[in-house]
Amino acid sequence: MDPDSELLLRLRSGDERAFVSLVERYHEPMLRLAASFVPSAVAEEVVQDTWLAALRGMESFEGRSSLKTWLFRILVNRARSTGSKEQRSVPVADPEPAVDPTRFGGDGGWADPPEHWIEAAESRMEAGKLADRIRAWLGELPARQREVVLLRDVEGMSSEEVCAVLALTEGNQRVLLHRGRSRLRQLFEDEFREVQ
Amino acid sequence: MRLLHRLRNPGLVCQQAVELVTGYLEGSLSGRERRRFEAHLVGCPHCTEYLAQMRETIRLTGRLEPEDLTPQMREEFTDLYRRWRSEQQ
């Protein structure tokens with residue numbers, strides 16, 4: 001039996017520890033995602049509503065998507081209907097280069113090449129502090145990029161699942177992922193490059 | 001011959017290559033795009049470094065763990081579940 005079906009069975013049969021462990025696993029990721037749709041004061045409420053809706057919908061959940069995709073879809077629908085905190089119609093087609101164009105010369109080659117930082121991230125910063133820093137950086141991403149990066153890279157969802165949760169086309173999902181990851185890479189470089 | 005080859009198969013410049021990284025990692029480039037990208041990497045240590053940094057960015061971001069629930073929240077959710085169960089019966 002796959003983990004989702006097993007968990008569902010336990011939830012339906014009254015195992016409250018199964019529910020608490022589900023909340024434990026998804027509450028914070030859902031809060032973080034909700035906060036990109038609504039003000040953070042409201043995000044908590046949206047997530048609580050989502051848990052209620054999930055409990056009420058548990059019996060009718062048919063397992064056509066994973067439990068996780070199903071939960072995040074409920075969340076996104078609730079957050080969207082609660083109201084957006086910002087203009088969300090920013091077209092994906094707006095150009096946003098992965099790297100600051102001034103770092104390239106006239107021939108399109110690197111003039112100011114990427115500074116090496118890969119080992120420095122983990123050797124110069126303690127794991128907990130690094131995690132806090134990455135959380136803060138995620139918070140700085142534009143909302144739509146943040147949503148995609150959270151679901152793809154933090155939650156480990158497939159691109160198909162993310163498209164279903166956020167109602168995005170495959171192409172737009174990829175553009176947002178590209179921009180979000182590119183910004184994060186730049187933030188790592190700014191923080192950890194050897195030459196400051 | 002060399003010129004003809006370049007005309008048929010123009011190389012990427014770095015500024016173009018960095019825009020293909022996500023498509024490359026997602027496996028969504030066409031065969032031709034992928035070959036051009038890989039051919040560029042062979043001759044470009046900076047873009048090779050850039051690709052490695054993007055992979056590292058993804059790896060480090062993927063290590064974030066949800067923070068623990070506070071005991072109070074754990075209690076609240078246990079109550080929520082019990083209420084739901086009692087509604088069911």
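Just so we're on the same page: letters track the sequence lines, and every chain starts at 1.
In this pair, B:Y50 and A:W110 present their aromatic rings tilted. The plane angle is within the 30 to 60° band.
Contact count against chain B (heavy-atom pairs under 4.5 Å) is highest for A:V23 among A:L184, A:V23, A:V20.
If you check the side chains of A:H116 and B:Q53, you find no donor sitting under 3.5 Å from an acceptor.
Atom CZ of residue A:R135 and atom OG1 of residue B:T61 lie 11.5 Å apart, to the nearest 0.5 angstrom. The distance from atom CH2 of B:W84 to atom CD of A:E16, rounded to the nearest 0.5 Å, is 12.0 Å.
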Evaluate the criterion side chain to side chain contact (heavy atoms under 4.5 Å, CB included) for residue pair A:F19 and B:T78; output intermediate values, then yes/no. CA-CA 8 Å; A:F19 181 64; B:T78 308; over 6 Å; no

For B:I58 and A:R152, what are the C-alpha separation, side-chain angles and deciding distance, and is it a side chain to side chain contact (heavy atoms under 4.5 Å, CB included)? CA-CA 9 Å; B:I58 296 164; A:R152 282 297 306 278; over 6 Å; no

Run A:R174 and B:S28 through side chain to side chain donor-acceptor pair (under 3.5 Å) and show every step you take. CA-CA 9 Å; A:R174 198 160 51 239; B:S28 65; 3.2 Å; yes

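When every heavy atom of B:T57 is checked against every heavy atom of A:R181, the shortest pair comes out as CG2-O, 3.9 Å. B:E19 approaches A:A98 most closely through the heavy-atom pair OE2-N, 2.7 Å.
Using a 4.5 Å heavy-atom cutoff, the side chains of B:E49 and A:P113 are not in contact.
Under the 3.5 Å distance criterion, the side-chain polar atoms of B:Y81 are matched with a main-chain donor or acceptor of A:L11.
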